[in-house]
Amino acid sequence: MSEKRHITAKAPKYPYFTEENSVDVVNARMGTDIDPRLREVMGTIVKHLHAAVKEIEPTHEEWLAGIKFLTQVGHMCTDWRQEFILLSDVLGVSMLVDSINHRRPNGATENTILGPFYVPEAPRYAPGTNICLDGKGEPLVVRGRVLDTNGQPVEGALVDVWQTNDDGFYDVQQKGVQPDWNLRGVFTTDENGEYWFRSSKPRFYPIPDDGPVGKLLGSLGRHPNRAAHIHFIVSAEGYDPVITHIFSPDCEFLDQDSVFGVKDSLIAEFESVLDEDKARELQFTSPYWAVNWDFVLASKKHGDDEVPRP
Ligand code: BEZ
Ligand code: FE
């Protein structure tokens, strides 16, 4: 004769998952002995992720499409292509992180996005060197000073410059087509804080848009173009290094940069110079473009450390 046995569940230590209590249930699973910052970060991410899902109410197909998209983003990543950072860029997250981490005193040059095309250890050049090695584009001379927030010149500051050529590509995107180190170089300020170099007028160009992020932009009715700019990292001993751009004021994409990098304070004046003698002195054809641009560095705060992205 078999006896009937009744087994019942113990009172749960953790509440079971429901649509209503989902955030609390998931976050309650974190252990007690964990990194408090990780607890804060993951707790907040779960809270906002669940809120988004509750607002969107995705179908299973939509949720799977999202998973597939993120998988494609991952598959696109290589040592030299970081599609997740590109996604962060076009969603404005990179600029938000940049802004939060570079709240500088008034008057100091503002930061903007580094972008994926910075190459460390570019050639160190004498003042005035022309970094445009392929001779393409309209000639440009950039002159200015590096100052501290009291307006005093900073001697020995490094002005690291890079930009695309007039076809809209960085040298590293066209190895074997453009000369190595085309449109890159590092200049050093003199005792008056002055630097200058010759180059070509920057033009707009698309961010790499042959992957899932480019496809997303297309689906959203967005273009991939960056407003015409020159990149800079300006650094000096004792100062907070600034990662920044100057933008060309006549670019049609100035108010719709694909990665939200434009700031009002970074838009330069470009003067068209018609003077034949001055052009000859610079070994330029006339007319050429001239920009005057000062960088203002804030003093380094204790513990500041700039970590360029991979
Ligand atoms: C760039 O300025 O080179 C850039 C910035 C963000 C994403 C892609 C390119
Ligand atoms: Fe760029």
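- Residue pairs meeting the ring pair (Phe, Tyr, Trp, His ring centres under 6.0 Å) criterion with at least one partner in residues 191-225, sequence neighbours excluded, are Y170-Y205, F187-F197, Y195-F295, F204-F253, Y205-H229, H223-F253.
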Taking only distance into account, with no hydrogens and no angle test, what donor-acceptor pairs under 3.5 Å do side-chain atoms of residues 56-63 form with protein atoms, sequence neighbours excluded?
residue	atom	partner	partner atom	Å
T59	OG1	E61	N	3.4
T59	OG1	E62	N	3.0
E62	OE1	T59	N	2.9

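- Screening residues 262-290 for ring pair (Phe, Tyr, Trp, His ring centres under 6.0 Å), with sequence neighbours left out, gives F284-Y288.
- In terms of the side chain to side chain donor-acceptor pair (under 3.5 Å) criterion, S235 has no residue partners (sequence neighbours excluded).
- As a member of the Ile/Leu/Val/Met/Phe/Trp/Tyr network built from side-chain separations under 4.5 Å, L274 groups with nothing else and remains a singleton.
- Among residues two or more places apart in sequence or in another chain, the side chain to side chain donor-acceptor pair (under 3.5 Å) test is passed with S88 by S94.
- In terms of the side chain to side chain donor-acceptor pair (under 3.5 Å) criterion, residue partners of Q174 (sequence neighbours excluded) are, by chain and number, Q178.
- In this structure, F247 shares a hydrophobic cluster with L254, V262, L266, I267, the cluster being traced through Ile, Leu, Val, Met, Phe, Trp and Tyr side chains under 4.5 angstrom apart.
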Let me check something: any side-chain donor-acceptor pairs from residues 275-282 under 3.5 Å, sequence neighbours excluded? List them with distances.
residue	atom	partner	partner atom	Å
D275	OD1	D277	N	2.9
D275	OD1	K278	N	3.0
D277	OD1	R280	NH2	2.7

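- For D294, the salt bridge (Lys or Arg N to Asp or Glu O under 4.0 Å) partners are R145, not counting sequence neighbours.
- Under the side chain to side chain donor-acceptor pair (under 3.5 Å) criterion, T129 pairs with no residue, sequence neighbours left out.
- Residue pairs meeting the side chain to side chain donor-acceptor pair (under 3.5 Å) criterion with at least one member in residues 159-169, sequence neighbours excluded, are Y118-D160, D134-N165, K136-D167, Q163-S199.
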